Each structure stands twice: as structure tokens, then as C-alpha cells.
Amino acid sequence: MNDPTPLPPEAVEALLTDTSPYLSCDDCFATIDVYVERLAADPGHRDVAMETHLAGCGACAEEARTLLDLLAGS
Ligand SMILES: [Zn+2]
């Protein structure tokens, strides 16, 4: 449905050097759509593991922003 944006080199590096204490980027991408949908439905929705990963991973944070924009625009 949405074309993934090509990743800039620093984002690729962030993916390769995953410093997340909770989720890997694979785990993050597997559940980020569900997380964003819940967040859109309930702004108070909390997912500590996801929030921690997004705080430390610019690539996934960008993905979350893109998904939120899509939801907000539909
Ligand atoms: Zn990530």
C-alpha cells in the first residue's frame, strides 16, 4: 500500500548497529503497524518496548511517523 522510503546511509547503519535493549528492528517492523494503529486509536496507548526502540532507532521512528501520517491523512 505504501512504498517504503529508501533509507539514508545513516539509517542503514542504525539498522546494522541495533542498540535496542528491547526490540530488534525486525521485531519492531513486525509490530510497528499494530502499535501505530493502537496509538492512533488511543493517544494514551503505551508500549514501553516499542517506545524505547523508537527513541533509540531513527529508522523505525521515521517509519512510525510515516505510518501515523498515513493514518491521520485517511
Ligand atoms: Zn529499529
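Both ligands and their constituent atoms are indexed starting at 1 by order of listing. A quick note: this is a predicted structure, and the numbers were derived from the prediction, not measured.
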Peer 1: Just by modelled atom types, is the Arg38 backbone N or O under 3.5 Å from a matching donor or acceptor in the His45 side chain?
Peer 2: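 Side chain of His45 to backbone of Arg38, a donor-acceptor pair under 3.5 Å: no, none is there.
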Peer 1: Checking one value in my table: which N/O/S atom of His53 lies closest to the Zn ion (ligand 1)?
Peer 2: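 Within His53, restricted to N, O or S, the Zn ion (ligand 1) is closest to atom NE2.
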Peer 1: Just wondering, do Ile32 and Leu54 contact through their side chains at under 4.5 Å, heavy atoms?
Peer 2: yes
Peer 1: Output yes if Cys28 passes the N/O/S-under-2.8 Å test against the Zn ion (ligand 1); output no otherwise.
Peer 2: no
Peer 1: Can you tell if the side chain of Cys57 reaches within under 4.5 Å of the side chain of Cys25, non-hydrogen atoms only?
Peer 2: yes
Peer 1: Specify the closest pair of heavy atoms between His53 and Ser24, including all atoms of both residues, with the distance to one decimal.
Peer 2: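 His53 and Ser24 have their closest heavy atoms at CE1-C, 3.9 Å.
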Peer 1: Round to 10° and report the angle made at the Zn ion (ligand 1) by SG of Cys60 and SG of Cys57.
Peer 2: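 Angle SG(Cys60)-the Zn ion (ligand 1)-SG(Cys57): 110°, rounded to 10°.
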